There are 2 protein chains.
Amino acid sequence: MKWLSTEEQAAWRAFLHATTLLEDHLDRQLQRDAGMPHMYYALLSTLSETPGRRMRMTELAEKTKITRSRLSHAVARLEGNGWLRRESCPSDRRGQIAVLTDAGYEELVRTAPGHVTAVRTAIFDRLSPDQVKQLGEISQIIADGLHEPEGADVPWLR
Amino acid sequence: MKWLSTEEQAAWRAFLHATTLLEDHLDRQLQRDAGMPHMYYALLSTLSETPGRRMRMTELAEKTKITRSRLSHAVARLEGNGWLRRESCPSDRRGQIAVLTDAGYEELVRTAPGHVTAVRTAIFDRLSPDQVKQLGEISQIIADGLHEPEGADVPWLR
DNA sequence: AGCATTTTATTGAATCTTCAAAAGTTTCCC
DNA sequence: GGGAAACTTTTGAAGATTCAATAAAATGCT
């Protein structure tokens with residue numbers, strides 16, 4: 001059993017603090033200005049960038065790295081707000097398609113500047129271009145490692 | 001209004017994915033192996049490193065970057081598990097002190113190796129020593145920026 | 001075709017977090 | 001001393017997330 005080195009411990013602690021504070025900060029900012037938590041905003045934002053502003057539920061869940069269950073609950077709530085609507089998928093009768101409504105798009109247009117400013121102020125205004133590059137690379141490595149579960153339950157059957 | 005550059009957008013997206021997946025992964029790991037979410041584990045872990053394995057509520061909340069309310073609920077739950085107990089503070093009758101019990105310490109001893117392995121596998125085994133250093137520095141900068149709220153409501157009165 | 005398996009999406013219950021309000025205590029200042 | 005203001009912690013309700021179970025539809029296999 002190998003423990004963390006002093007440097008690793010320090011980095012891990014700082015990382016935990018940064019992510020905890022940042023999540024809290026952005027959730028608060030968006031809850032105040034847009035009436036939704038950060039993840040819900042991310043769903044609208046993701047949809048806004050797709051052709052037709054629509055996406056299959058599973059695809060949207062994968063793109064935003066959340067579970068299908070979480071997405072179902074979130075979409076139900078956002079649909080209640082009128083920012084999203086569901087359509088059934090023509091090619092697969094199990095499928096549902098989440099569609100960003102005009103009202104949802106307007107809400108995004110209205111709140112995006114404030115959110116981007118919050119992100120910029122918290123992160124990018126404080127980092128050098130090289131640090132931004134480093135952060136991107138490091139994040140990518142971590143995300144890649146978690147994207148497809150590594151150790152399956154029965155590795156000897158792989 | 002200044003938007004994010006292409007590099008910044010890419011970094012931000014990767015960072016969001018990494019933190020979302022990582023949080024989910026570690027919560028799941030600890031829920032399975034220790035019966036508690038990651039933040040609760042962090043509370044026990046933080047307490048275990050203090051003299052007397054005890055800390056005032058507010059201090060513990062600040063050290064772990066969570067709200068007092070969240071801490072109160074968490075401590076109530078962990079107390080129910082027998083991993084923590086409350087003592088009243090002798091010098092300040094408002095104060096409560098969270099104390100790690102022996103059972104709590106044992107639980108930590110039992111589950112720490114698995115958790116450290118999970119953290120190592122997800123992060124530190126994948127990064128170069130320089131990247132670990134970079135991650136620590138970048139995280140520190142972000143955390144520092146959020147630690148004391150920057151823009152007060154009335155900056156002209158500061 | 002027929003039947004088991006897999007995939008998609010949702011649901012409800014339990015748990016966790018946030019927010020605002022509350023009660024008790026200490027501090028500040030005159 | 002006395003009263004306002006600030007601080008510490010808890011509480012309950014509302015909202016969010018997880019997990020396991022469910023239903024419906026597609027796919028695979030023989």
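Order of the sequence lines sets the chain letters (A, B, ...), proteins ahead of strands, with each chain counted from 1. Keep in mind that what you see is a predicted model, and the values were worked out from it rather than measured.
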Query raised in the report: What do the steps show when you test A/F124 against A/V116 for side chain to side chain contact (heavy atoms under 4.5 Å, CB included), and what is the final call?
Result: CA-CA 10 Å; A/F124 295 105; A/V116 172; over 6 Å; no
Query raised in the report: Between B/Q131 and A/I141, is a side chain to side chain contact (heavy atoms under 4.5 Å, CB included) present by the stated rule, with each step listed?
Result: CA-CA 11 Å; B/Q131 285 175 319; A/I141 291 171; 3.6 Å; yes
Query - Polar side-chain atom of A/H17 near backbone of B/K63 as donor-acceptor pair, under 3.5 Å - result: yes
Provide a list of protein-nucleic acid N or O atom pairs under 3.5 angstrom, restricted to nucleotides 23-28 of chain D.
from	atom 1	to	atom 2	distance (Å)
D/dA26	OP1	A/R93	N	3.1

List, with names and distances, any nitrogen or oxygen atoms from the protein found under 3.5 Å away from nitrogen or oxygen atoms belonging to nucleotides 12-15 of chain D.
from	atom 1	to	atom 2	distance (Å)
D/dG12	O6	B/H73	NE2	2.8

Query raised in the report: Just the endpoints, please: which first and last nucleotides of DNA chain C, 5' to 3', lie under 4.0 Å from a heavy atom of chain A?
Result: C/dT7 to C/dC19
Report task. With sequence neighbours excluded, tell me which residues meet salt bridge (Lys or Arg N to Asp or Glu O under 4.0 Å) with A/R85. Result -> A/E87
Query raised in the report: What residues, two or more places apart in sequence or in another chain, satisfy salt bridge (Lys or Arg N to Asp or Glu O under 4.0 Å) together with A/E137?
Result: A/K133
Query raised in the report: For B/L16, does its backbone N or O pair with a side-chain atom of B/T19 as donor and acceptor, under 3.5 Å?
Result: yes
Report task. List for me each residue that meets salt bridge (Lys or Arg N to Asp or Glu O under 4.0 Å) alongside B/R120, sequence neighbours excluded, and say none if there are none. Result -> A/E8, B/D125
Query - B/Q96: partners by side chain to side chain donor-acceptor pair (under 3.5 Å), with sequence neighbours left out - result: none
Report task. Please figure out whether B/G35 or A/S72 has its closest DNA chain C nucleotide nearer the 5' end. Result -> A/S72
**Report entry** Whole-Å gap separating C1' (D/dT9) and CD (B/Q96)
**Finding:** 7 Å
Report task. Pick base, sugar-phosphate or nothing for B/R86, based on heavy-atom distances below 4.0 Å to the nucleic acid. Result -> sugar-phosphate
Report task. Carefully, step by step, assess A/V99 and A/I97 under the rule side chain to side chain contact (heavy atoms under 4.5 Å, CB included). Result -> CA-CA 6 Å; A/V99 186; A/I97 299 176; 4.0 Å; yes
Query raised in the report: Nearest nucleotide by nearest heavy atom, which residue falls closer to the 5' end of DNA chain D, B/E62 or A/I66?
Result: B/E62
Requested in this report: Kindly calculate the angle separating the two end axes of the helix from C/dA1-D/dT30 to C/dC30-D/dG1, each obtained from five base pairs, and round it to 10 degrees.
Outcome: 30°
Requested in this report: Kindly write out the residues that satisfy salt bridge (Lys or Arg N to Asp or Glu O under 4.0 Å) with B/E23, not counting sequence neighbours, or none if the list is empty.
Outcome: none
Query raised in the report: If you look only at pairs with a residue in residues 64-82 of chain A, which of them pass as a side-chain hydrogen bond (donor to acceptor under 3.5 Å, both in side chains), with sequence neighbours excluded?
Result: A/T58-A/R68, A/K65-A/H147, A/E79-A/R86
Query raised in the report: With a cutoff of under 4.5 Å between side-chain heavy atoms, which Ile, Leu, Val, Met, Phe, Trp and Tyr residues group with B/L47?
Result: B/L30, B/M36, B/M39, B/Y40, B/Y41, B/L43, B/L44, B/M55, B/M57, B/L60, B/I66, B/L71, B/V75, B/L78, B/W83, B/L84, B/L100, B/Y105, B/L108, B/V109
Query raised in the report: Are the side chain of A/Q9 and the backbone of A/T6 linked by a donor-acceptor contact shorter than 3.5 Å?
Result: no
Query raised in the report: Does CG in A/D130 sit with more than 12 non-hydrogen atoms of other residues, nucleotides or ligands closer than 6.0 Å?
Result: yes
Query raised in the report: For A/Q31, does its backbone N or O pair with a side-chain atom of A/H38 as donor and acceptor, under 3.5 Å?
Result: no
Requested in this report: Calculate the interatomic distance between B/H38 atom NE2 and D/dT17 atom P; express it in whole Å.
Outcome: 18 Å
Query raised in the report: Residues from residues 18-30 of chain A sitting under 4.0 Å of DNA chain D, heavy atoms only?
Result: none
Query raised in the report: Does D/dT9 have OP1 or OP2 sitting under 4.0 Å from an N or O in the side chain of B/R68?
Result: no
Requested in this report: For the residue pair A/C89 and A/R56, establish whether any side-chain heavy-atom pair is separated by less than 4.5 Å.
Outcome: yes
